[in-house]
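First the structure, in the form of structure tokens, and then the observations on it.
Basis for what follows: all heavy atoms, side chains included, without hydrogens, waters or symmetry-related copies.
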Amino acid sequence: MNTSTSVSVTLRQKILSRRNQNTFIVGLLMFFLFSLVYVPRGVAVQNILLGGVVIFFATMPLTRWLKYDRLTGTVPFFQLLFFTYALTAGFAVFQGKVVFRGEIPVTQDTVTLTLLLILLGMGSLLTGWRIGAIFHIRPPFSYHVDDGRLLRLMMIYLLLLTILALFQRIGIAGMLRGIFGNLFQYIMGSAGLVAIFGLAGYEAQNRLSARQRRYFRIMMLSVILLGISSGWLYQATLPLLIYCFGRLSRGGYISRKLIISLVVAVLFFQVGKNAFREKFWAGKIGGVAISSVAEIPSQISYWITESVQKIGTESEQKSIGKIAQKTMKRFDHLEWFSFVVSQTPDRIPYLEGYSYNDLYKYLIPRFLWSGKPINLEKANFIALRYGWIYPWQVGRTAVTPGLMDEAYINFGIIGVIFVMMIIGAFFRVLTTTFGNPKWGEGWRLVLIVLVCEKWLPISTAASYFGGFIQPIIIVLIMYWPARKRYFTPRSR
């Protein structure tokens, strides 16, 4: 490509980027104006404005990555994690009056204070991210990989992920869990999801042959259909989301048709989800194991039929509105944090660091220490303390505060500032250490597995970081055969 052509391509990319940026800003302004005119019932105007600010602030790092950094092959771990506050808090404001668990109303003044705390925590997280840039840590060795071997390994692990999903449907996974514990599931799950991310990047760069592309898409379709037949929409949508960000991280693009189709499909299946679970789960979470693979198409067909019938019985406008609200409600964490703020410290005192005690114990992988405390131990303690669950629900229902909630529960506003700042700095060090191509493409797999498994920070520090090291170790070991036959020792 000559100089004039490269300059014209660069200018065209800038024009498209500016056009997309302006479209995004205009869309947000229209959303704010619409919300101010049609204020949801029981929601104060200041909370509408604060919710809009949370959404705008939460999307900034991700939009910057989409505009600039994705072209360099960086993995958007921090950007995705930061964006989740738009889902869990920003959009939650527009769903109406905050009522904790559908029973206890939370005052709008408390919601206002909670949104201000969330903005403060987000600012601290971003500040810590900036501070973390001053630390430069090298991995213990270089991890360069051979592209051909890495591609073949990803193909194998994607096949194994599909087999694991099938095993879960026919009940064999439970038997394997009894033999190997959860290690088998962790291995196939982590390595398989990383394979989807990596293969999507190869596809975006046109580095897959026609045969490999066909294989990739067939395996992806199989994983998605098996996820749908299980009754868990998350298992069906997560591979698609990972696929999208895998393409974007290698400079590829996602068609609008795919995005629209994904949103419509989620809303559509959400309609008949309860009817599907009532028929096929039979009171057992995760469903009853099927006796034959031939049952899978009939289950998916039943779900589609139920969704079509339920949409047909209601007016289209009301149906879509209720479905969208119900879907977004699954990400709503504002009501939980607002309830914490309403109770702490007036009725329930601060924990003063109790939930962070012995945090180092949770960092040890369970396959290295069989007596490791369960990751939900601290979460269950907090849930019982705030009345989120009853004692008989421990081990059956998991309700956990987020990283920011836990910081407030322990130390109040000061905790939100400093704990979130420390977490932000830690994520920056992690990203700069493993995202530097100088030390090899193999270390990039660490960030990919974190995108796949740790992008949603709604858990206590013990739960979130307790499962942090294990998938990293597993992925590095599983993809070790792809390494090149030399390594650079760490210099002293």
Kindly confirm or rule out a cation-pi arrangement of Lys454 over Tyr464, judged by NZ or CZ under 6.0 Å from the six-membered ring centre and within 45° of its axis?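 Yes, cation above the ring, under 6.0 Å and within 45°.
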
Would you name the heavy atoms of [X] and [Y] that are closest together and state the gap between them?
| X | Y | answer |
| --- | --- | --- |
| Phe57 | Gly123 | CE2-N, 3.8 Å |
| Lys378 | Ala462 | CG-CB, 4.0 Å |
| Ser229 | Phe276 | O-CZ, 3.3 Å |
| Val446 | Leu476 | CG2-CD2, 3.8 Å |

Parallel, tilted or perpendicular: ring planes of Trp303 versus Phe269, cut at 30 and 60 degrees: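 Ring orientation, 0 to 90° scale: perpendicular.
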
Determine whether the aromatic ring centres of [X] and [Y] lie less than 6.0 Å apart.
| X | Y | answer |
| --- | --- | --- |
| Phe78 | Trp65 | no |
| Phe427 | Phe77 | yes |
| Trp443 | Phe141 | yes |

Only one of Arg250, Arg149, Arg483 clears salt bridge (Lys or Arg N to Asp or Glu O under 4.0 Å) with Glu441; which?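 With Glu441 as partner, salt bridge (Lys or Arg N to Asp or Glu O under 4.0 Å) holds for just one option, Arg250.
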
Quick check against the 3.5 Å criterion: does Tyr143 have a side-chain atom that pairs as donor or acceptor with the backbone of Trp480? yes

Qualifying residue for side-chain contact (heavy atoms from CB on, under 4.5 Å) with Ser124, from Ile423, Ile417, Val419: Ile417

Does CZ belonging to Arg130 count more than 12 external heavy atoms closer than 6.0 Å? no

